[in-house]
Amino acid sequence: MNEDIGPDRRSLAIGFVPGVQPDKWLTRWRERNPLVPISARRVGDPRAELAPTPGGGGVDVVFLREADHAPRSAPAGLLRIPLYTETMAVLAARGHEIGAYESLSPAELEGERWLDPVDAITASPDEVSAAVDLVAAGVGLLVLPQPYARSLSRRDVIERPLEGVPATRMGVAWSSDREGDVMIDEFVGIVRGRTAATSRNAGDAPREKLNARQKAAAKARARGEQSRGDQARGDQERGRRQAPRGKGRSPRGR
């Protein structure tokens, strides 16, 4: 365990925005790090709840939503890895004719009444919920990321995939002040698909960092070992080519 983590830091708090299901990553964490508790909770403003220091309150890592066309470089103050683009959906009151389609395009919805757009990235969960209330009342249609729409789980509202509209993207982020945090790196590796065989347990001691001279010496040793290996293989090959061939067995006499 990293020395700057300390005994009071042997836990990890995860935040997520509506529409994210972090259970599979929490399960993998518990399988690989059973001695390090992990918890997760939904957050309203993901950036505001990131903890800049271990054990400083808030969450250590957050799943956040952003525009699909947003720069892949992280915003100031964050370390962030884009994960996947979300499918968008159109929401309507149950019984609306969109229920007859598997998916829709904007052209197929011409003439429909629409609610004022709600930004799923910046709007609070309460604001989104209020807009969906209007959808259920038949006031108009609404576009949301499909995972967000499904997380609302309302029987009086239906949703269908909507193609050809600006999409949103999910990412995982943490404070830039926490760069190199062993436990955060471990969790992000799990989210990105790192297997147990390639993952370093969060309770393991951190790898010693080498200075420039030590790195150069390590590279020289590696080159020397490779050169000796190549020479040994070459000697073996020459020995096989130079070895006299054995005489074939003569036919058996009658």
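Treat the numbers as computed from the prediction; the structure is a model and nothing was measured.
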(message) salt bridge (charged side-chain N to carboxylate O under 4.0 Å, His left out), that's the test. Do Asp119 and Arg65 meet it? Break it down for me.
(response) CA-CA 11 Å; Asp119 189 346; Arg65 183 173 282 112; over 6 Å; no

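- Ala173 approaches Leu78 most closely through the heavy-atom pair CB-CD1, 4.4 Å.
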Please set out all donor-acceptor pairs under 3.5 angstrom arising from side-chain atoms of residues 88-97, sequence neighbours excluded.
unit_1	atom_1	unit_2	atom_2	d
Arg94	NE	Arg155	O	2.4
Arg94	NH2	Arg155	O	3.4
His96	ND1	Ile98	N	3.1
His96	NE2	Glu112	OE1	3.2

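- Annotation: the span from Met170 atom CE to Ile81 atom CD1 amounts to 14.5 Å, rounded to 0.5 Å.
- At distances below 3.5 Å, at least one donor-acceptor pair connects side-chain atoms of Glu108 with backbone N or O atoms of Ser105.
- With sequence neighbours excluded, the residues forming a ring-ring contact (aromatic ring centres under 6.0 Å, His included) with Phe63 are Trp25, listed by chain and number.
- In terms of heavy atoms, Gly138 sits closest to Arg113 at O-NH2, 3.0 Å.
- Of all heavy-atom pairs spanning Ala136 and Arg154, the tightest one is CB-NH2, 3.5 Å.
- The shortest distance between side-chain heavy atoms of Thr85 and Thr168 does not fall below 4.5 Å.
- Between Asp60 and Phe187, every side-chain heavy-atom pair lies at or beyond the 4.5 Å cut-off.
- Using a 4.5 Å cut-off between side-chain heavy atoms of Ile, Leu, Val, Met, Phe, Trp and Tyr, with links allowed through other members, Val157 and Val128 fall into the same hydrophobic cluster.
- With Ser151 contributing its side chain and Tyr148 its backbone, the two residues share a donor-acceptor pair below 3.5 Å.
- Closest of all the heavy-atom pairs between Pro145 and Glu86 is CB-OE1, 3.6 Å.
- Between atom CG of residue Asn33 and atom CD of residue Glu186 there is a gap of 5.0 Å, rounded to the nearest 0.5 Å.
- Val191 is not listed as a side-chain neighbour of Val61, based on a closest heavy-atom distance of 4.5 Å or more.
- Residues Val132 and Leu141 are members of separate hydrophobic clusters, defined by side-chain heavy-atom contacts under 4.5 angstrom among Ile, Leu, Val, Met, Phe, Trp and Tyr.
- For Asp116, the CG atom counts as loosely surrounded, since its 6.0 Å shell holds 12 or fewer non-hydrogen atoms of other residues, nucleotides or ligands.
- Placement of Val172 and Leu26 within a single hydrophobic cluster is found when ILVMFWY residues are connected by side-chain heavy-atom separations under 4.5 Å, directly or transitively.
- A pairwise comparison of heavy atoms in Pro106 and Val165 identifies CG-CG1, 3.6 Å as the closest pair.
- One hydrophobic cluster, built from ILVMFWY side chains closer than 4.5 Å, holds both Trp29 and Leu83.
- Within a 6.0 Å sphere centred on CZ of Arg192, other residues, nucleotides and ligands contribute 12 heavy atoms or fewer.
- Between atom CD1 of residue Ile158 and atom OH of residue Tyr101 there is a gap of 11.5 Å, rounded to the nearest 0.5 Å.
- With Arg80 contributing its side chain and Ser73 its backbone, the two residues share a donor-acceptor pair below 3.5 Å.
- A donor-acceptor contact shorter than 3.5 Å is absent between the side chain of Arg150 and the backbone of Gly19.
- For the pair Pro161/Gln146, a side-chain contact is recorded, criterion being any heavy-atom separation below 4.5 Å from C-beta on.
- Cluster annotation: Leu79 is connected to Leu12 through the hydrophobic network of ILVMFWY side chains, with a link wherever side-chain heavy atoms come within less than 4.5 Å.
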Exercise answer: donor-acceptor pairs, residues 35-45 side-chain atoms, under 3.5 Å, sequence neighbours excluded:
unit_1	atom_1	unit_2	atom_2	d
Arg41	NH1	Glu49	OE1	2.8
Arg41	NH2	Glu49	OE1	3.1
Asp45	OD1	Arg47	N	3.4

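- Here the straight-line distance linking atom CG of Leu144 with atom CD of Glu159 works out to 10.0 Å at 0.5 Å rounding.
- If you take CG on Asp133 and CG on Leu142, they are separated by 11.0 Å, rounding to the nearest 0.5 Å.
- Ser175 and Pro52 make their closest contact through OG-CA, 3.9 Å (heavy atoms, listed as atom of the first residue, atom of the second, distance).
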